[in-house]
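The structure presented is a predicted model; accordingly, all values stated were derived computationally and were not measured. Because only heavy atoms are used, hydrogens play no part in the values below, and waters and symmetry mates are left out as well, while side chains stay in.
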Amino acid sequence: QAHLVESGGGSVQAGGSLTISCAASGYTYSHYCMAWFRQAPGKEREGVAALYTGGGVAFYASSVKGRFTISHDAATEKAYLQMTGLQADDTAMYYCASGRAWNGCGMNWYAGNQYNIWGQGTQVTVSS
């Protein structure tokens, strides 16, 4: 059975950088849409970034565009979210999620119901 495990969260000062990882295993299909979501206390879950493992452009929320970079290593089946210029508003639990896809993540990449496998989350805390 496919599952995802996040790691690499932690505390960082505003302006700093952090990279979180997501290890995927148990997949029986070749390509999927991999995404990162986050949820802060009292706030709605937000799609942060998404990438189709078969190639193509990445998608980003406007709040992180230019600061965050999503990537995927097919050899290790790991996804990464490199975060730079971190701000207090980036403080949240970060989740990776995946959903089977045939030709890309699509324009609704930020919709949580597109993904059927979720990790347990990793906490990112940014102090100002």
Side-chain angles (χ1 to χ4, degrees):
Q1 183 160 350
H3 66 282
L4 302 169
V5 178
E6 301 96 334
S7 61
S11 297
V12 63
Q13 290 203 325
S17 301
L18 194 66
T19 297
I20 54 179
S21 305
C22 175
S25 62
Y27 283 77
T28 58
Y29 38 86
S30 300
H31 297 302
Y32 46 93
C33 180
M34 176 68 79
W36 287 95
F37 287 78
R38 67 185 181 186
Q39 188 165 23
K43 292 190 176 180
E44 300 262 324
R45 185 178 61 194
E46 175 189 23
V48 175
L51 183 67
Y52 177 55
T53 62
V57 299
F59 296 92
Y60 296 95
S62 57
S63 57
V64 306
K65 200 166 188 177
R67 299 188 298 122
F68 289 13
T69 302
I70 185 173
S71 61
H72 176 259
D73 185 336
T76 61
E77 287 292 355
K78 272 194 169 183
Y80 300 92
L81 186 68
Q82 294 175 277
M83 302 179 288
T84 63
L86 283 161
Q87 306 163 357
D89 284 350
D90 295 318
T91 295
M93 184 72 80
Y94 284 71
Y95 300 90
C96 62
S98 70
R100 190 174 186 179
W102 284 263
N103 54 12
C105 292
M107 298 307 292
N108 290 328
W109 64 269
Y110 51 86
N113 58 11
Q114 179 168 316
Y115 307 92
N116 61 330
I117 300 171
W118 292 77
Q120 83 290 350
T122 187
Q123 178 68 36
V124 172
T125 302
V126 183
S127 56
S128 54

Practice problem: Would you sort out whether Phe59 and Met107 count as a side-chain contact (heavy atoms from CB on, under 4.5 Å), showing the intermediate values? | Solution: CA-CA 9 Å; Phe59 296 92; Met107 298 307 292; 4.0 Å; yes
Practice problem: Take Arg100 and Asn116, measure what side-chain contact (heavy atoms from CB on, under 4.5 Å) needs, and give me the verdict at the end. | Solution: CA-CA 8 Å; Arg100 190 174 186 179; Asn116 61 330; 5.8 Å; no
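Across all non-hydrogen atoms, the minimal contact from Cys33 to Ala50 is SG-CB, 4.1 Å. For the pair Val5 and Gln120, the tightest heavy-atom approach, listed with the atom from each and the gap, is CA-OE1, 3.7 Å. Closest approach of Glu46 and Ser63 over heavy atoms only: OE2-OG, 3.1 Å. The minimum heavy-atom distance linking Met34 with Ala79 is given by the pair CG-CB, 3.6 Å. Minimum heavy-atom separation, Ala24 to Leu4: CB-CD2, 3.5 Å. Closest approach of Ile117 and Ala2 over heavy atoms only: CD1-CB, 3.3 Å.
Rounding to the nearest 0.5 Å gives a distance of 8.5 Å between OH of Tyr95 and CD of Glu6. One finds the OH atom of Tyr80 at 9.5 Å from the NE2 atom of His72 (value rounded to the nearest 0.5 Å). We find the SG-CZ distance between Cys96 and Arg38 to be 15.5 Å, quoted to the nearest 0.5 Å. Rounding to the nearest 0.5 Å gives a distance of 8.0 Å between CD of Gln123 and OG of Ser11. Interatomic distance, CZ of Arg45 versus CE of Met93, reported as 13.5 Å (0.5 Å rounding).
Screening Trp118, Tyr32, Tyr27 for a side chain to side chain donor-acceptor pair (under 3.5 Å) with Ser98, the sole residue that qualifies is Tyr27.
Here Leu81 sits in one hydrophobic cluster together with Val12, Leu18, Ile20, Trp36, Val48, Leu51, Tyr60, Val64, Phe68, Ile70, Met83, Leu86, Tyr94, Val124, Val126; the rule is ILVMFWY side chains under 4.5 Å apart, joined directly or through other members.
A perpendicular orientation is assigned to the rings of Phe37 and Tyr115, their planes being inclined by more than 60° (bins at 30° and 60°).
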